[in-house]
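So that the names make sense, note that chain A is the first sequence line, chain B the second, and so on, each numbered from 1.
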Protein chains: 4
Amino acid sequence: MAIADDPIADGAPAQRLTRAQRREHFLDVAAALVAEGGFEAVTMESVAARAGVSKGLGYAYFDNRGELLAALFERETGQLDRPATRAADAQETFEGKVRATVGVVFDTVAAKGPLIARLLRAEAEGPINERRTKRQRVIERRWAQLIADEYGVSEPTARASAAIMLASIPRVIELWASGKGSREELTETYTRMCTAAARDLGSAI
Amino acid sequence: MAIADDPIADGAPAQRLTRAQRREHFLDVAAALVAEGGFEAVTMESVAARAGVSKGLGYAYFDNRGELLAALFERETGQLDRPATRAADAQETFEGKVRATVGVVFDTVAAKGPLIARLLRAEAEGPINERRTKRQRVIERRWAQLIADEYGVSEPTARASAAIMLASIPRVIELWASGKGSREELTETYTRMCTAAARDLGSAI
Amino acid sequence: MAIADDPIADGAPAQRLTRAQRREHFLDVAAALVAEGGFEAVTMESVAARAGVSKGLGYAYFDNRGELLAALFERETGQLDRPATRAADAQETFEGKVRATVGVVFDTVAAKGPLIARLLRAEAEGPINERRTKRQRVIERRWAQLIADEYGVSEPTARASAAIMLASIPRVIELWASGKGSREELTETYTRMCTAAARDLGSAI
Amino acid sequence: MAIADDPIADGAPAQRLTRAQRREHFLDVAAALVAEGGFEAVTMESVAARAGVSKGLGYAYFDNRGELLAALFERETGQLDRPATRAADAQETFEGKVRATVGVVFDTVAAKGPLIARLLRAEAEGPINERRTKRQRVIERRWAQLIADEYGVSEPTARASAAIMLASIPRVIELWASGKGSREELTETYTRMCTAAARDLGSAI
DNA sequence: AATGAATGAGGGTTCATTCAT
DNA sequence: CATGAATGAACCCTCATTCAT
């Protein structure tokens with residue numbers, strides 16, 4: 001409805017963005033929508049509307065809805081995983097790495113809300129599921145390596161235990177979100193559980 | 001479209017079943033569809049088509065799609081939880097109970113496929129989420145009690161640790177389903193992880 | 001669900017009725033449903049359910065939904081029109097007849113609720129519309145005759161004026177139902193309007 | 001299915017109209033359908049089919065079926081009421097105003113068919129009923145004021161009589177449409193009935 | 001690049017009606 | 001006479017996607 005030269009109309013930056021900026025903006029909007037209403041809330045139309053652009057424009061940046069969601073997944077997990085890896089790398093022990101990783105997860109959730117939990121947990125449309133599986137494999141392998149190295153756990157058992165530990169991280173976030181424990185308590189509990197389990201698995205037959 | 005070897009020819013009126021039989025049949029079909037394609041694959045239409053009946057018939061048995069899904073959830077979790085509780089009750093120790101529970105889970109998956117893992121894990125439509133949350137609360141409380149009693153873990157920590165342990169059961173099933181370990185190995189690993197964690201949490205401050 | 005020898009189960013007379021009784025019962029139920037929720041509320045299923053019989057039974061008494069509604073219309077308008085005619089016949093003047101007729105209408109509405117208003121007014125499914133038109137023609141002709149005879153109004157004008165007068169009777173009922181006047185006031189107003197109009201139309205060119 | 005002389009071929013994409021044009025087109029189609037078959041004949045699907053567009057397009061213009069019907073009601077009654085008010089305002093007396101109003105009604109029906117009668121009369125779905133009730137209240141109040149002022153009729157009686165008079169206008173249209181009188185005769189008859197009634201109600205106790 | 005009209009398929013739901021038992 | 005399982009058509013509504021402008 002506005003006709004001219006508002007640099008940014010209506011709260012929605014509807015103008016003169018570079019291709020990359022506009023793409024990011026789409027992802028920001030999609031992130032907000034997932035956080036508010038889950039994946040179903042992300043429709044090409046809702047994203048366009050919230051972004052203040054026309055219905056068809058999304059397709060100039062993403063092949064289809066699946067790709068938009070996949071791009072969102074990549075961006076958000078990247079923003080979680082890079083700091084997490086960095087924080088873990090700064091630690092010597094498995095225990096330190098676990099604690100550091102959980103810390104970054106909490107930080108991220110604090111900063112961006114339930115988005116990341118949803119991304120990691122939900123049964124979602126195809127393109128996301130594939131990527132999630134791939135990401136999981138990578139992270140599980142890393143943790144398994146640490147467990148095997150530090151506690152002398154056999155390869156396959158280390159793999160399984162890493163998978164089991166990682167699977168409950170979203171629940172830890174949920175517990176926090178629903179007030180079932182403080183950040184510190186939950187970090188402590190989770191870290192102790194992981195290390196105790198790893199130690200035990202490495203200890204005997 | 002199929003021409004041969006359908007038990008029921010394509011335009012012919014379906015078998016006339018009793019109310020209870022038809023209801024079970026619908027749930028069987030829904031179960032198969034969830035196993036294959038997740039919740040989204042369950043539409044009143046897809047169920048009817050697969051069941052070989054007309055589109056509207058489902059509504060004579062379930063008020064709406066949500067109720068169908070809810071009924072499926074109730075049936076399947078009931079078939080898991082009743083034997084699991086029975087098996088756990090027959091054991092004295094937390095360790096025994098965990099092992100027995102996992103055993104029943106494996107039995108169930110062996111008999112009915114990975115459906116149950118999906119039911120327990122996925123972020124799903126409203127009616128299922130509510131029921132899952134409720135069920136979780138009940139089971140978590142039970143495990144928490146055991147952990148607190150047997151290992152002297154404080155109430156809140158026991159609650160959190162139970163939640164964390166239970167959250168990874170679907171992943172255990174997945175590991176098995178994808179060949180990442182035998183039933184015995186996975187049972188052993190998971191059980192040791194749980195008991196080691198509980199013991200550790202109870203050991204000191 | 002009950003298996004034997006309740007003479008009347010569940011508030012619903014579900015048993016041992018003669019054909020005619022059962023037919024009447026269906027109409028009673030349909031009447032109640034129209035009064036509560038309009039024509040749309042009358043489905044073959046809702047009628048059967050309320051009557052405490054099985055879904056298909058209605059078709060043993062009425063060819064189809066339209067016929068059920070039509071039979072209801074006939075019965076109810078008959079129960080209005082016969083007393084109305086009798087009451088009108090007992091009066092000498094047009095004014096008396098109008099007053100008597102309106103009195104019977106009020107009595108009927110008082111006894112049977114908004115059913116009759118709905119039957120007379122609503123744009124309804126085909127079979128009812130036809131009958132209503134026919135009924136209207138009959139009554140309009142009668143009133144027109146009276147107007148012509150008593151006030152010397154020409155045939156066509158008498159016909160038109162009768163139609164115009166009769167068309168507002170449902171509104172009179174509505175006014176009463178919504179508390180916009182007492183029975184007596186509304187009867188008086190309506191009667192005076194009709195007689196004044198008739199007198200005027202007969203008076204000159 | 002039609003093969004010839006459709007302006008638009010059967011599977012071809014429809015004319016691309018502006019938003020306003022398409023909206024009007026939808027309303028035109030809906031109007032035609034109401035005129036032919038009443039409200040029930042207006043479904044989002046029937047409108048789309050008649051308009052030669054795809055099933056879902058209507059929802060880009062109206063939130064749902066109710067809104068479409070409501071918009072139709074607003075448009076049509078607006079096109080009747082604005083000229084009617086103007087014509088009535090140009091007259092000094094109640095008689096003149098009644099005659100002028102009826103004249104505009106006839107003009108409108110002549111131009112657009114009996115649609116308006118249906119809109120004003122029928123018991124319809126919620127959104128229309130509300131609006132009709134509101135409109136009626138406004139017009140009844142206006143007429144009541146005139147009757148009270150010019151003939152000295154008491155407030156409540158004036159209200160009731162106005163309601164009664166207005167309720168028969170659709171019937172006047174029907175009489176005309178079914179050839180039961182000329183425009184002039186019906187206008188004259190209706191106007192005399194109204195004025196005679198008002199005069200009488202004002203004359204005594 | 002961007003708009004926004006339009007498509008078309010998919011899925012939810014309701015009911016009149018039929019018919020095997 | 002009665003039951004109640006089943007059909008099938010008609011609607012409602014939403015969205016991913018295309019494409020003329």
Worksheet entry | D:Ser54, nearest nucleotide to its side chain (from E:dA6, E:dG12, F:dT3) | E:dA6

Rounded at 0.5 Å granularity, tell me how far [atom1] in [X] sits from [atom2] in [Y].
X	Y	atom1	atom2	answer
A:Phe26	A:Met44	CZ	CE	7.0 Å
C:Glu74	C:Leu27	CD	CG	11.0 Å
B:Arg131	B:Leu119	CZ	CG	11.5 Å

Worksheet item: Between B:Gly56 and A:Ala60, who's closer to the 5' end of DNA chain E by nearest nucleotide?
Response: A:Ala60

Worksheet item: When the nearest nucleotide of DNA chain E is assigned to A:Leu57 and to B:Tyr59 on a heavy-atom basis, which residue is associated with the more 5' position?
Response: A:Leu57

Fill in: Runs of at least three consecutive pairs that involve DNA chain F, where pairs are Watson-Crick or G-U with distances under 3.5 Å
E:2-21 with F:2-21

Grab the [atom1]-[atom2] distance between [X] and [N] for me, whole Å please.
X	N	atom1	atom2	result
D:His25	E:dA6	NE2	P	11 Å
D:Glu45	E:dG12	CD	P	17 Å
D:Glu40	F:dC11	CD	P	10 Å
D:Leu33	F:dC11	CG	C1'	14 Å
D:Arg23	E:dG4	CZ	C1'	17 Å
D:Met44	F:dT14	CE	C1'	12 Å
A:Phe39	F:dA16	CZ	P	14 Å

Worksheet item: Which residues, if any, of residues 63-73 of chain B bring a heavy atom under 4.0 Å of DNA chain E?
Response: B:Asn64, B:Arg65

Counting only side-chain N and O atoms of [X], is one of them less than 4.0 Å from OP1 or OP2 of [N]?
X	N	answer
D:Arg16	F:dT21	no
A:Arg22	E:dA1	no
C:Tyr61	F:dA2	yes
D:Arg19	E:dG4	no

Do [X] and [Y] have side chains that approach each other closer than 4.5 Å (heavy atoms only, starting at C-beta)?
X	Y	answer
B:Phe62	B:Arg23	yes
A:Leu120	A:Thr77	yes
A:Arg65	A:Val47	no
A:Val29	A:Val42	no

Worksheet item: Touch check for A:Phe62, heavy atoms < 4.0 angstrom, all strands: base, sugar-phosphate only, or nothing?
Response: nothing

Discussion item. Should the side chain of B:Lys55 and the base of E:dG11 be counted as holding a donor-acceptor pair, with the cut-off at 3.5 Å?
Written reply: no

Practice prompt. Check the side chains of B:His25 and B:Arg22 for a donor-acceptor pair under 3.5 angstrom, ignoring hydrogens and angles.
Written response: yes

Fill in: For D:Arg75, salt bridge (Lys or Arg N to Asp or Glu O under 4.0 Å) partners two or more places apart
D:Glu24, D:Asp28

Discussion item. Tell me whether the NZ or CZ atom of A:Arg118 lies within the 45° cone about the ring axis of A:Phe39 and under 6.0 Å from its centre.
Written reply: no

